[in-house]
Amino acid sequence: MATPALPPGACDCHVHIVGDPVRYPMVADRHYTPGAASVTDLKQHMSSLGATRAVIVQPSVYGTDNTCMLDGLRDLDGAGRGVAVLDDGASDVLLHDLHSSGVRGLRLNLESTGSRDTQRMRDDLQVWAQRLAPLGWHVQVYASLDVIAEVIPILQTLPVPVVLDHFAGVPAGTALTDSRVQSVLGLVASGAAYVKLSAPYRIDASGAAVEAVARLAAAFIEANPDRMLWASDWPHTNREPGKSPHEVSAYREIGRERLAQGISTWLSDEALRTRVLVENSVRLYGF
């Protein structure tokens, strides 16, 4: 099947930059170590897809030091937006500085450490939403389906947009009638949350559930196409089995054709591709 060209202004809404470890040291208690993935590499990736914009998301290996992400935004020269990770003591001055640099969201990440601490998620959501609302930022949540389902009563009431990473953490093959899935679909239908159609390998580790992933994408799109985002998850970080946290784990080999096939399958017509790849990202990230 031929893969269609992306519409002008298409945005890859979830990428990472990994810099020189001397200039950008990683946190000591990280759970894996990725290799270099420079802004130059990112631009080549974008060019291969036909994307002209990208959202750089702070990876867990840098903790709350957003320097590498911010330097990446500067090098993208207006074609990028950022999603930061911050500690509770971050000042309002810092938030405004980050906004001036192109940051438009805060990431709350439990899944990278395998945490199921729903109380922590509840507390963080309530505290941060109040602080981010005046800036027009969103909260990006990377957590398991179980955690997300438990905090939906809070997500429904937040004064900021919510973005759910990687198919909202719904494992491929989960019945669409599952009460947790239905609650997430309801949240999306209400307009309270966006979902990133991204990184199917994070919900389908074997790669054998392609049709199940497509059905899940279709269910989310049917719920609310105005709350869909697409992302590659480039450079496709991985924790190689048997590697210690401080040994470099190779990136997944995904490739342009596989990414383009996902777009073609999930976003089957030009109008939908324009809505998801351009219009929704412009609205959320302020391009």
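Given the structure is predicted, the values throughout are model-derived calculations rather than measurements.
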For the side chain of Asn66 and the backbone of Thr64, is there at least one donor-acceptor N/O pair under 3.5 Å apart? yes
Do Asp146 and Ser144 meet the criterion of a side-chain donor-acceptor pair at a distance under 3.5 Å? no
Mind jotting down which residue pairs meet the side chain to side chain donor-acceptor pair (under 3.5 Å) criterion with at least one end in residues 73-85? Sequence neighbours excluded, please. Asp71-Arg74
Within this structure, what is the CD1-CE distance for the pair Ile56 and Met69, rounded to the nearest 0.5 Å? 7.5 Å
d(Asp29 CG, His31 NE2) to nearest 0.5 Å is 6.5 Å
Going from CD1 on Ile263 to CG on Leu197, what distance comes out if it is rounded to the nearest 0.5 angstrom? 10.0 Å
Pairs where residues 202-217 contributes a residue and the test side chain to side chain donor-acceptor pair (under 3.5 Å) is met, not counting sequence neighbours: Arg202-Asp233, Arg202-Thr237, Asp204-Ser206
Out of Asp97, Leu70, Leu86, which one pairs with Val103 under the side chain to side chain contact (heavy atoms under 4.5 Å, CB included) rule? Leu70
Taking it one step at a time, do Tyr285 and Trp137 satisfy ring-ring contact (aromatic ring centres under 6.0 Å, His included)? CA-CA 8 Å; Tyr285 299 105; Trp137 287 18; over 10 Å; no
Before you tell me yes or no, could you show the steps for Arg273 and Asp269 under salt bridge (Lys or Arg N to Asp or Glu O under 4.0 Å), namely the whole-Å CA-CA distance, both residues' side-chain angles and the distance that decides it to 0.1 Å? CA-CA 6 Å; Arg273 287 191 293 274; Asp269 64 77; over 6 Å; no
Working to the nearest 0.5 angstrom, can you tell me the gap between Ser281 OG and Arg275 CZ? 13.5 Å
Salt bridge (charged side-chain N to carboxylate O under 4.0 Å, His left out) contacts touching residues 157-168 (sequence neighbours left out): Arg107-Asp165, Asp165-Lys196
Determine whether Val139 and Leu125 make a side-chain contact, defined as any pair of heavy atoms from C-beta on separated by less than 4.5 Å. yes
Taking side chain to side chain donor-acceptor pair (under 3.5 Å) as the definition, give me every residue that meets it alongside Ser38, ordered by chain and number, with sequence neighbours left out. Asp41
Could you list the residues that satisfy side chain to side chain donor-acceptor pair (under 3.5 Å) with Asp92, not counting sequence neighbours? Arg131
Atom of Leu98, atom of Ala84 and distance for their closest heavy-atom approach: CD1-CB, 4.5 Å
By salt bridge (Lys or Arg N to Asp or Glu O under 4.0 Å), which residues pair with Glu240, not counting sequence neighbours? Lys243
Donor-acceptor pair, distance only, cut-off 3.5 Å: does the side chain of Arg53 make one with the backbone of Ala10? no
Okay, side chain of Asp123, backbone of Gln126: is any donor-acceptor separation there less than 3.5 Å? no
For Tyr62 and Val27, indicate whether the former's side chain and the latter's backbone hold a donor-acceptor pair under 3.5 Å. no
So do Asn109 and Val85 actually touch side chain to side chain, heavy atoms under 4.5 Å? no
Test item: Trp230 and Cys11 side chains (from C-beta on) under 4.5 Å apart, heavy atoms: no
Checking Asp12 side chain against Ser232 main chain: does a donor-acceptor pair fall under 3.5 Å? yes
Salt bridge or not between Glu253 and Arg258? Use side-chain N to carboxylate O under 4.0 Å. no
Sequence neighbours excluded, which residues qualify as salt bridge (Lys or Arg N to Asp or Glu O under 4.0 Å) partners of Arg104? none
Please answer whether the main-chain N or O of Ser244 pairs with a side-chain N or O of Glu247 as donor and acceptor at a distance below 3.5 Å. yes
From Val162, Leu106, Val83, residue fulfilling side chain to side chain contact (heavy atoms under 4.5 Å, CB included) relative to His138: Val83
In residues 152-161, what donor-acceptor pairs under 3.5 Å come from side-chain atoms, sequence neighbours left out?
residue, atom, partner, partner atom, Å
Thr157, OG1, Ile154, O, 2.9

By the ring-ring contact (aromatic ring centres under 6.0 Å, His included) test, which pairs, at least two apart or in different chains, include something from residues 171-190? none
Is the ring pair Trp234/His45 parallel, tilted or perpendicular, if the boundaries are 30 and 60 degrees? parallel
With sequence neighbours left out, which residue pairs that include part of residues 181-195 fulfil the side chain to side chain donor-acceptor pair (under 3.5 Å) condition? Tyr194-Arg283
Rounded to the nearest 0.5 Å, the CG atom of Leu272 sits from the CG atom of Leu267 at a distance of 5.0 Å
His166 (side chain) donor-acceptor with Val195 (main chain) under 3.5 angstrom: no
Any donor-acceptor pair under 3.5 Å linking the side chain of Thr274 with the backbone of Glu270? yes
Please report the shortest heavy-atom distance between Ala189 and Asn224, naming the atom on each side. O-ND2, 3.6 Å
Output the distance between atom CD (Glu257) and atom OG (Ser264), rounded to the nearest 0.5 Å. 10.5 Å
Side chains of Ser198 and His14, donor plus acceptor under 3.5 Å: no
Pair Thr265, Gln261: side-chain N/O donor-acceptor within cut-off below 3.5 Å: yes
Across all chains, not counting sequence neighbours, the ring-ring contact (aromatic ring centres under 6.0 Å, His included) partners of Phe220 are none
Let me have the donor-acceptor pairs involving side chains of residues 169-178, under 3.5 Å, with sequence neighbours excluded, atom names and distances please.
residue, atom, partner, partner atom, Å
Thr174, OG1, Pro171, O, 2.7
Asp178, OD1, Arg180, N, 2.7
Asp178, OD1, Arg180, NE, 3.0
Asp178, OD2, Arg180, NH2, 2.9

Test item: Met121 and Leu108 side chains (from C-beta on) under 4.5 Å apart, heavy atoms: yes
